[in-house]
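First the structure, in the form of structure tokens, and then the observations on it.
Note on naming: letters A, B, ... go to the chains in the order of the sequence lines (proteins, then strands), and numbering restarts at 1 for each one.
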There are 2 protein chains.
Amino acid sequence: MSNNADLENRMASLKAYMDANHLKSTAQRDTIAEIFFKSNTHINLEELLTKARKKTAKIGHATVYRTMKLLIESGLAVPRQFGDGQTRYENLPRDGHHDHIICIKCSKITEFRNDEIEALQLESAKKLGFKVINHKLELYGYCNSCG
Amino acid sequence: MSNNADLENRMASLKAYMDANHLKSTAQRDTIAEIFFKSNTHINLEELLTKARKKTAKIGHATVYRTMKLLIESGLAVPRQFGDGQTRYENLPRDGHHDHIICIKCSKITEFRNDEIEALQLESAKKLGFKVINHKLELYGYCNSCG
DNA sequence: CCTTAATTGAAAATGAATATCAATTTCTTT
DNA sequence: AAAGAAATTGATATTCATTTTCAATTAAGG
């Protein structure tokens with residue numbers, strides 16, 4: 001699946017969600033969603049707003065917040081807080097879930113994935129009577145540049 | 001080790017940290033620290049403030065924030081954000097680290113621990129050139145009452 | 001004690017996120 | 001294509017958690 005097809009898939013998912021909820025498609029929403037879907041990093045409000053304003057005439061920050069809330073509700077974005085006071089939005093990778101390693105010195109965020117850990121999580125939860133829907137795993141430490 | 005000895009241990013650790021940094025011991029600090037060390041849950045500012053004011057005449061909210069910052073710096077408290085906009089402070093259990101399972105319906109927080117997961121985390125990080133200092137693992141799902 | 005430096009509370013300031021509201025835009029129905 | 005209903009928008013005001021400021025107070029060492 002090409003990046004482009006992936007983008008179109010996500011835009012279509014969003015459209016479907018909006019249709020199902022009597023929500024209207026607007027230039028602002030499309031711009032913000034597209035910028036978000038194209039982002040790889042954990043984008044924050046300011047970045048979204050700056051990029052969106054380059055494409056579409058006038059966009060207020062409230063609209064960015066509102067659009068991101070919509071993307072979260074529709075399951076296309078995940079809000080994350082890494083401790084610096086601002087929410088960042090994660091674009092779910094099409095190849096599935098990943099976790100994060102954050103350098104406590106330079107703040108670099110690296111993604112990783114370990115299926116064995118995922119399996120053990122499900123097992124642990126099951127023992128406690130929990131049905132897991134989602135999870136967050138963050139390792140904090142020093143990257144090899146800062147270590 | 002009794003609960004009381006444990007409390008005294010922590011108070012002593014704090015004292016040692018303060019001495020080493022030319023910080024003064026005050027009634028407010030002692031009160032807040034003690035309340036925090038005695039707490040089992042993930043206590044937030046409001047709870048700390050309410051309890052502290054019952055013990056010590058006047059305590060401003062700024063002082064609670066300042067004291068918790070001190071406890072974090074000294075490694076005796078860990079700040080956590082579960083997504084409801086406010087920081088909660090976790091008292092490190094004397095028997096070591098634990099992780100959390102959060103019910104997305106009733107918000108109940110259950111603690112668990114799995115050493116196998118911890119080991120795999122270290123291994124994953126090592127492969128990426130990271131030295132892990134700390135980590136957060138949160139599983140979100142439905143508890144057996146809500147599931 | 002007495003001096004110095006740290007600490008405190010009250011109030012003001014900051015900053016992220018949300019709510020308000022009149023004006024605008026989309027979508028459906030003629 | 002035009003109109004009407006309903007949703008959306010941007011600017012502004014607001015909320016709420018947290019931080020800063022600063023004059024007055026207090027702790028600790030000499």
Side-chain angles (χ1 to χ4, degrees), chain A residues 11 14-36 42-74 77-89, chain B residues 11 14-36 42-74 77-89:
Chain A
M11 291 301 281
L14 177 58
K15 186 80 171 56
Y17 180 84
M18 291 199 295
D19 284 351
N21 291 279
H22 310 289
L23 304 176
K24 294 173 180 173
S25 138
T26 68
Q28 290 91 334
R29 275 186 181 159
D30 290 351
T31 301
I32 296 164
E34 193 180 324
I35 287 168
F36 172 71
H42 304 81
I43 200 165
N44 62 13
L45 187 98
E46 194 193 322
E47 291 174 88
L48 281 166
L49 190 58
T50 305
K51 291 187 180 178
R53 280 181 170 160
K54 283 183 185 159
K55 281 202 174 183
T56 298
K58 286 218 164 182
I59 293 191
H61 69 140
T63 298
V64 182
Y65 278 116
R66 288 188 280 231
T67 302
M68 291 318 294
K69 197 174 191 177
L70 172 62
L71 291 178
I72 292 165
E73 283 164 8
S74 67
V78 177
R80 301 192 136 265
Q81 295 167 263
F82 291 111
D84 63 345
Q86 62 183 341
T87 299
R88 287 165 188 280
Y89 303 92
Chain B
M11 291 301 282
L14 177 58
K15 186 80 172 56
Y17 180 84
M18 290 199 295
D19 284 351
N21 291 280
H22 310 289
L23 304 176
K24 293 174 179 172
S25 138
T26 69
Q28 289 91 334
R29 275 185 182 160
D30 290 351
T31 299
I32 296 164
E34 193 180 322
I35 287 167
F36 171 71
H42 305 82
I43 200 165
N44 63 12
L45 186 97
E46 194 193 321
E47 292 175 88
L48 282 166
L49 190 57
T50 304
K51 291 187 181 179
R53 281 181 170 160
K54 284 183 187 161
K55 281 202 176 183
T56 298
K58 286 219 163 181
I59 293 191
H61 68 140
T63 298
V64 182
Y65 278 116
R66 288 187 279 231
T67 302
M68 291 318 295
K69 198 175 192 176
L70 171 62
L71 291 178
I72 291 165
E73 284 163 10
S74 66
V78 177
R80 301 193 136 266
Q81 294 166 265
F82 291 111
D84 63 346
Q86 64 184 339
T87 299
R88 287 166 189 280
Y89 303 93

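A straight line from CD of B/Gln81 to P of D/dC16 spans 18 Å, rounded to a whole angstrom. Per the geometry, CD1 belonging to A/Ile43 stands 16 Å off P belonging to C/dA16, to the nearest Å. Residue A/Lys15 contributes atom NZ, which lies 13 Å from atom P of C/dT26 at whole-angstrom precision. Straight-line distance from the CE atom of B/Met18 to the P atom of C/dT7: 9 Å, rounded to whole Å. For B/Ile32 and C/dG9, the CD1 to P distance is 8 Å, given to the nearest whole Å. The interatomic distance linking B/Gln86 (CD) with D/dT18 (P) rounds to 7 Å, in whole Å. Between the P atom of D/dA27 and the CG atom of B/Asp19 lies a distance of 15 Å, rounded to the nearest Å. One atom, CZ of B/Arg29, and another, C1' of C/dT7, lie 7 Å apart when rounded to the nearest Å.
For the atom pair CZ of A/Phe82 and CZ of A/Arg88, the computed distance is 7.5 Å after rounding to the nearest 0.5 Å.
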Please produce a list of atom pairs where a protein N or O lies less than 3.5 Å from an N or O of nucleotides 10-15 of chain C.
unit_1: C/dA10; atom_1: OP1; unit_2: B/Lys58; atom_2: NZ; d: 3.2

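Taking only side-chain nitrogens and oxygens, B/Thr26 comes nearer than 4.0 Å to OP1 or OP2 of C/dT8. B/Tyr65 has a side-chain polar atom (N or O) that falls below the 4.0 Å cut-off from OP1 or OP2 of D/dT18.
Side-chain atoms of B/Thr63 lie closest to C/dG9 of the nucleotides D/dA28, C/dG9, D/dT9. In the set C/dT8, C/dA16, D/dA7, the nucleotide with an atom closest to the side chain of B/Gln28 is C/dT8. Comparing atom distances between the B/Leu23 side chain and each of D/dA17, C/dA17, C/dT7 picks out C/dT7 as nearest.
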Dump the intermediate steps for side chain to side chain contact (heavy atoms under 4.5 Å, CB included) on B/Arg29 and B/Leu23, then the final yes or no. CA-CA 11 Å; B/Arg29 275 185 182 160; B/Leu23 304 176; 3.9 Å; yes

Chi angles and distances behind the side chain to side chain contact (heavy atoms under 4.5 Å, CB included) call for A/Leu70, A/Leu14: CA-CA 9 Å; A/Leu70 172 62; A/Leu14 177 58; 4.3 Å; yes

Test side chain to side chain contact (heavy atoms under 4.5 Å, CB included) on A/Tyr89 and A/Leu48 and set out the steps. CA-CA 10 Å; A/Tyr89 303 92; A/Leu48 281 166; 4.1 Å; yes

Intermediate values then yes/no, side chain to side chain contact (heavy atoms under 4.5 Å, CB included), A/Lys69 and A/Tyr65: CA-CA 6 Å; A/Lys69 197 174 191 177; A/Tyr65 278 116; over 6 Å; no

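In terms of position along DNA chain D, the nucleotide closest to B/Gly85 lies nearer the 5' end than the nucleotide closest to the other residue of the pair B/Ala27 and B/Gly85.
Residues B/Ile59 and B/Leu49 have side chains in contact (heavy-atom distance under 4.5 Å, counting atoms from C-beta outward).
A donor-acceptor pair is defined here as one N or O able to donate and one able to accept, closer than 3.5 Å; no such pair exists between the side chain of A/Thr56 and the backbone of A/Arg53.
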